[in-house]
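To start, the structure itself, in C-alpha cells.
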Amino acid sequence: MPIDDSSKPEPVLKPVLRESASFPRQVLAEIHRAAAEGVYAIRGFGAKRRVPNFDDLVLLGASVSRYPLEGYRERCATEVVIGTRFAKKPITLKIPITIAGMSFGALGSHAKEALGRAATQLGTSTTTGDGGMTEEERLASKTLVYQVLPSRYGLNPDDLRRADAIEVVVGQGAKPGGGGMLLGQKITERVAGMRDLPVGIDQRSASRHPDWTGPDDLTIKIQELREVTDWEKPIYVKVGATRVAYDVALAVKAGADAVVVDGMQGGTAATQDVFIEHVGIPTLAAVRLAADALVELDQHRKVQLIVSGGIRSGADVAKALALGADAVSIGVAALVALGCNREAYVEDYQKLGTMPGFCHHCHTGRCPVGITTQLPELEARLDPELGARHVRNYISTLVLELQTLARACGKSHVLNLEPEDLAALTIEAAAMARVPLAGTNWIPGVSGG
Amino acid sequence: MQIDLDQVSIRELNQRLHGLSPETNWREVRIVNPKGRHALAVGLTLPIEVTVEGHVGYYCAGMNKEAAVTIAGHAGPGVAENIMSGVVRVEGNASQYAAASGRGGLVVIEGDASARCGISMKGVDIVVGGSVGHLSAFMAQRGHLVVCGDAGADLGDSLYEARLYVQGRVESLGADCIEKEQTAAHQEGLAALLERARIKADPRAFRRYGSARRLYHFHTDHAHAY
C-alpha cells in the first residue's frame, strides 16, 4: 500500500554557502583590516602559502643498479668544512646543518643562548643577527658566525675578531630587497643600547649597506673585512633567492668563501606580509640555480653553498645536499624546536588573536612561549638549558634521517648525494630542480622523452 | 717607522700595524706611496699616529679604534667607515660614504665630502671643512655632522638622534629632518667640536638640523613623508 505523506511539510532546503575563490575569508579579512588600519600587515615567521618544495621530490634508494649501505652498521660521514677558499682558519662542522642568523632583539637572550648551546653540543655553528653579538651568545657558542648587515646596528671590530666566520648579509629569503621593521614594543633598554637608538622606537633595518653600492664595491668590502681580521675568518655572502645565478656568480667574483642562499620560505622577525608571500623564489628552485652557477665557475665544493629557507626534516636536508648544497641552515624550524607555536599558554595566544599552530606574532614581542620577546615574564617561560636540549634533539633527528636516506642511496658521506638520486613528483618540481619527473627521463626544459 | 707601499703589500702593512704591542715604541708610522690602494690601516686598535702620504682608495682607516690616522691627500669611498674611536683626518677631499656607520671618535675632512657622508652614523663626530653631497647623514642615529660649506639634497633623511650643523646652503632636507633652534649650549658644543677638529669657523654662523621624530613609529598618515 502506497504511503501517503502529503500531510507532511516540505523539507526546507538550506542554501549551500559558496566561498569565493578570489575572495575567500582570509582575503576578505585582510581587506577589512587594511581598510581599518591603512597600513600593510607586518608579521614574523615565514611564507604561509604552499610553494613547490622538497616534498615534491623523492629520493631513489638503491636496489640492483646501486648498492645501499647497512643502515645501522656502516658509517655515513657528515662532516663539512666551510671556508676552504681563502680563509686561514676554515671552520669544520660535524654536521651539515647550521643555525641561521636571528638577532638579539628579535629573539630574547634565553633563545639566543639556547641556540648557541645546542649548536655547540652538536658541533655546528650558530649565527648572530641585526643586533650584534651578545656575551651570552659568544660564551654559549663554540662556532659563531657574525653577521655584517646593512643596518650595521651591532658591527664592532672586536666582535668581528671574536667570531669564527663572517657573513655579509645582502638579502634575506623572506624579504629580498627589503629592510626589516622591529617594532618599538620590542625595544628594551638593552636592545636599544646595542643599536644606538632610543628605547621604544621602531627600528628600521636598512635594505642596503651604507658604504657600498654594487658588486665591485663588495669585492673591496670583503678585502677590508679580511684585512681587519687578518684573513683568518671565512667570509660568507648571504643573498635572498631571486636572481640566484647572477648573485652567486658575483658573490664568488667578490671573493666569498661561502655563499648562503635563502629561499622565499625563509623566516623573519618582522616584515611586510606582502613581501614574505610574494617576493623571491622557492628554496627548491634556488638550490639548483646556485649549484649550477658554482659548477659553471668551477667553484662547486670549493666555494661552499649553504641553503636555507623552510628546511624542516632530514629529507629536506638530503634533497638540498643532493641538489648541490654543502650545508643547510635552519631558522624557523629551530625556533619551533624551542617551542614556537607549541600548545601551551593558549590563553596568551588567544589574546594575540591566534592559536598554537597559527601564530606569527614574533613582531609584537608578546611571544607566548618566551622565544621572540624581551619581556622578562614571558622570557622566563623558556629555560635555555631545556631549550638547548630540545634543539639538539631535533637537529640530531634531522642528522639521523639524513644519514639513513644517504645510506639507502649507497653513500658513505652525505655530500656524496647527487641529483641522480632524485626524481620529481610534479612537473613544476622537475623543472625547478632539473631532475626527471618520476617514471620518466623527462626533465622539463632540459631533455625530451 | 716608515712603510713604503711600493715595497710592502697591503697585507704586510696591516699585519705589521696589527702586530704592534701596546708597549711599542713605534708610536708614529708613516706610509708612503699609497697610490689609491684600498683598505689601508684598517682595524687599528692602539693609540698610535699613522700618516698616509698621498691619496688612498676605499675604506682607509676603517673600523679604527684609538689610532690617529692622517691622510695627506684625498680619500676614496668609505674612509673611516665604522670608526669606533680615535681620530681620522683627511687633508684633501673624501669620496662617498665618509665615516659611514661610525660609532665613535672624530673624523675631520678638511676639503669636501661626496654623497652619503655620515650615512647611518651611530655616534661618530664628523667635521667637514667644505661641502657634503646628497643624502648625507641618511638614517643617522647618533653623533654630530658639521658642514662648514653647503649640503646637498635630502640632508638627514630618516634622521634619528644625530645633530647636524650646516654653515652654508642646504639644497633640501630629507624626510623627517627639520631645522631646530640653535641654543647657547648647542653653540658651545659646536665650538668645542670645531676646536677639536682644528677647523676655524664661527659657531654662530651655523644652523642646526635634527629629527622631527614623526617617523619614529610607522603610521599610515606619515606614509607620504617617505
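So you know, we letter chains A, B, ... as the sequences are listed, proteins then strands, and number each from 1.
Of the atoms belonging to B/I10, heavy atoms from both backbone and side chain fall under 4.5 Å from chain A. With a 4.5 Å cut-off on non-hydrogen atoms, B/I83 does not touch chain A at all. Contacts between A/R161 and chain B at a heavy-atom distance below 4.5 Å involve the side chain alone, from C-beta outward. At a 4.5 Å heavy-atom cutoff, B/Q96 makes no contact with chain A through either its backbone or its side chain.
A/D217 and B/Y97 are linked by a side-chain donor-acceptor pair at a separation below 3.5 angstrom, with hydrogens and angles left out of the test. There is no side-chain donor-acceptor pair under 3.5 Å between A/D202 and B/Y216.
With rounding to the nearest 0.5 Å, the separation of CE in B/M63 from CG in A/D158 is 11.0 Å. With values rounded to the nearest 0.5 angstrom, A/D196 atom CG is found 4.5 Å from B/R142 atom CZ. The distance from atom OG of B/S101 to atom CG of A/L149, rounded to the nearest 0.5 Å, is 11.5 Å. Taken to the nearest 0.5 Å, the CE atom of B/M139 stands 12.0 Å off from the CZ atom of A/R152.
Closest approach of A/G184 to B/H217, counting heavy atoms only: CA-CE1, 4.4 Å. Shown here for B/E161 and A/P198, the closest heavy-atom pair between the two residues is CG-CG, 3.7 Å. Nearest heavy atom pair, residue B/N82 against residue A/P157, reads ND2-CD, 4.3 Å. Taking each heavy atom of B/Q15 and A/K88 in turn, the nearest pair found is OE1-NZ, 4.0 Å. In plain terms, the two heavy atoms of B/S120 and A/P210 that are nearest each other are CB-CB, 3.9 Å.
No more than 12 heavy atoms of other residues, nucleotides or ligands shown are found within 6.0 angstrom of NZ on A/K89. Counted within 6.0 Å of CD on A/E37, heavy atoms from surrounding residues, nucleotides or ligands total more than 12; the atom is thus considered enclosed. Atom CD of B/Q2 has more than 12 neighbouring heavy atoms from other residues, nucleotides or ligands inside a 6.0 Å radius. Shown here is A/R366, whose CZ atom has no more than 12 heavy atoms of other residues, nucleotides or ligands within 6.0 Å. Annotation for B/R11: atom CZ counts as buried by contact number, over 12 foreign heavy atoms lying within 6.0 Å.
Comment: A/D211 does not engage B/R116 in a salt bridge, judged by the lack of any side-chain N to carboxylate O separation of less than 4.0 angstrom.
B/R103 places a side-chain N or O within 3.5 Å of a backbone atom of A/Y153 that can act as its donor or acceptor partner.
Listed options A/N156, A/T213, A/I42, A/L160 were ranked by heavy-atom pairs under 4.5 angstrom with chain B; first place goes to A/T213. Options B/V42, B/L17, B/L13 differ in how many heavy-atom pairs under 4.5 Å they form with chain A, and the most are formed by B/V42. Among the candidates B/K65, B/R213, B/H18, the residue making the largest number of heavy-atom pairs closer than 4.5 Å to chain A is B/H18.
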Problem - B/Y160 and A/Q203: CA distance, side-chain angles, deciding distance, side chain to side chain contact (heavy atoms under 4.5 Å, CB included) verdict - result: CA-CA 10 Å; B/Y160 291 93; A/Q203 305 209 342; 5.8 Å; no
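Of all residues in residues 219-230 of chain A, those placing a non-hydrogen atom less than 4.5 angstrom from a non-hydrogen atom of chain B are A/I220, A/K221, A/Q223, A/E224, A/L225, A/E227, A/V228, A/D230.
Using a 4.5 Å cut-off on side-chain heavy atoms (C-beta onward), A/L155 and B/K122 make no contact.
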